[in-house]
Amino acid sequence: MKTTNMNARDAEFIHEVEERSGQQVVRCYQCGNCTAGCPYNFAYDIPVNRIMRLVQTGQKEVVLDSKSLWLCGSCQSCTTRCPNNIDVARIMDVLRHMARETGHASERNIKLFADTFLESVEKHGRVYEAGLMASYVAQTGKFLNDLDLAPAVLTKGKLSLKPHPVHKREAVEEIFLRFREKSKQ
Amino acid sequence: MSDLSVAYYPGCSAVGTSVEYEKSTRAVCKALGIRLEEIPDWSCCGSSPAHTVNHVLSAALSGRNLALAADMGHDTVATPCPSCLVNLRTSARKMEDPLFRGKVNELLDAPCGPAVEPKSVLQVIVEDYGLDHVRERVRKSLNGLKVACYYGCIMTRPPELMRFDDPENPMSMDNLMEAAGAEPVPFPLKVECCGASSGIPRKDIVMRLSGRLLKAAEESGAEAIVAACPLCQMNLDLRQRQVRKANGIDRGLPVFYFTQLLGLALGLPERDLRFDKLVVSPKRCLKRIAGA
């Protein structure tokens, strides 16, 4: 069984999660409602109530290494059902930001999909779905994953084969450029 | 009610995978006399990827569109897509804080002031237009077609942010379908997640979550699922063969957008509602509705 060293408490980590999410993690009393309603729990390595407990005890590495952060679908079930009004989904979002920033990416393809999506938005102003798929497949080599969807996609014209860029593409590109500049500061 | 006019944010899937949602939304609103004024040169809200990267970046991508909508002089912006909606609403809400708004404005060409209120097209039809008015305009009843109304996870949640309908048991779409002459069946998984965007990187998740939805809809006796989200519709319709195979479900269930069925009830021609775009054939349902 995997054990956690409770003496290694990173107080700075707890503070940062609270500050960035605007939530008080101390209010979680482990009722388990979030986990009971979490549709992704079957795929998680750490259930969401335990993520909350691990944040309370300052277990930075264990938390940021967790696959659960990447698998969370932001379905808001946990937030909606928390009896203490903790925005749990928001905490999961913030933990994902922190995992990214510190180079933790335990579900590489999920991160890659998000990155490829945003690259498409940066380039065209709107996401270009066919281009996004082509780029994702080229990077992962997963050519066979959804090959069976091709006939339906093609006959139904489900994917536009050309992008629908906005006129002021630069305006969207600038948002990303400024964001990267700010992130460096 | 004929002077109801809102800024309109179609969202990226409207020009791609959910063209039929977009076309039927426009046709229905036109028939009801709701004026949708498309935001000129709208751009992507960043969808889920943006908010999983950074909240200021995400708010700026939405903020650009909210500012454009405000420039049009509207106080409401309507979108058919729940994912866009949650981003627009989060952005508008967070920008009420001047400190946060300052950070967002640092990323934008033109500063975004107090934001317009984002609503779903469903909310505009049900709350602002009103079910009674819809009922008056129904020309062709849906003939008691049994439907499972599927709202998806974020149309009504979290409740403090979305402020629309009930977060656990929403009824707006059920009531709308009933007004159109359909028979909504009790569908206990109406706000359960379909697996969202994990279809591509982690297909197994969508197979499991969408599988549960299809099974529950089938067991409820529904002849069709009615959806309000492009991603949900894609997981349940385009991927339905994969999902059925993974879960041993025999029967196919058509997955309509609520605007397509509402459009039929309003007497709009089928070609304006783009049933040809649906992957699981809706023919049997359409025949049932026509009474053949």
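Proteins get letters first, then strands, A, B, ... in listed order; numbering begins at 1 in each. Every value quoted in this text rests on a predicted model; they were computed, and no experiment measured them.
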Is it the side chain or the backbone of [X] that comes within 4.5 Å of chain A heavy atoms, both, or neither?
{"X": "B:V15", "answer": "both"}
{"X": "B:L209", "answer": "side chain"}
{"X": "B:T156", "answer": "neither"}

To the nearest 0.5 angstrom, please state how far the [atom1] atom of [X] sits from the [atom2] atom of [Y].
{"X": "B:S48", "Y": "A:R96", "atom1": "OG", "atom2": "CZ", "value": "8.0 Å"}
{"X": "A:F176", "Y": "B:L61", "atom1": "CZ", "atom2": "CG", "value": "4.5 Å"}
{"X": "A:I175", "Y": "B:E106", "atom1": "CD1", "atom2": "CD", "value": "13.5 Å"}
{"X": "A:S183", "Y": "B:N54", "atom1": "OG", "atom2": "CG", "value": "6.5 Å"}
{"X": "A:L177", "Y": "B:L107", "atom1": "CG", "atom2": "CG", "value": "10.5 Å"}
{"X": "A:H97", "Y": "B:S58", "atom1": "NE2", "atom2": "OG", "value": "8.0 Å"}

Between [options], the one whose heavy-atom pairs under 4.5 Å with chain B are most numerous:
{"options": "A:L149, A:V172, A:I110", "result": "A:L149"}
{"options": "A:V127, A:D93, A:N109", "result": "A:D93"}
{"options": "A:V121, A:V153, A:L118, A:V137", "result": "A:L118"}
{"options": "A:K156, A:K168, A:R100", "result": "A:K156"}
{"options": "A:S74, A:G73, A:C72", "result": "A:S74"}

Assert top hit (heavy-atom pairs under 4.5 Å, partner chain A, pool B:L108, B:V56, B:L57, B:L238) equals B:L57
Could you check which of B:P167, B:S198, B:P40, B:G46 has the highest count of heavy-atom pairs closer than 4.5 Å to chain A?
-> B:G46
Going through the distances and angles, do A:F117 and B:V53 end up as a side chain to side chain contact (heavy atoms under 4.5 Å, CB included)?
-> CA-CA 12 Å; A:F117 186 102; B:V53 170; over 6 Å; no
Check whether [X] gets within reach of chain B through its side chain, its backbone, both or neither, counting any heavy atom under 4.5 Å.
{"X": "A:Y136", "value": "side chain"}
{"X": "A:F179", "value": "both"}
{"X": "A:E107", "value": "side chain"}
{"X": "A:M133", "value": "side chain"}
{"X": "A:H167", "value": "both"}

Atom of B:E192, atom of A:P39 and distance for their closest heavy-atom approach = OE1-CB, 4.1 Å
Please walk me through it: do B:K103 and A:K182 pass side chain to side chain contact (heavy atoms under 4.5 Å, CB included)?
-> CA-CA 10 Å; B:K103 285 185 192 169; A:K182 294 268 167 209; over 6 Å; no
For B:D109 and A:E170, run side chain to side chain contact (heavy atoms under 4.5 Å, CB included): C-alpha distance rounded to whole Å, both residues' side-chain angles, the deciding distance at 0.1 Å, then the answer.
-> CA-CA 10 Å; B:D109 281 344; A:E170 327 76 66; over 6 Å; no
Could you check B:H51 against A:R90 for side chain to side chain contact (heavy atoms under 4.5 Å, CB included), going step by step and ending with a plain yes or no?
-> CA-CA 10 Å; B:H51 76 72; A:R90 187 166 183 82; over 6 Å; no
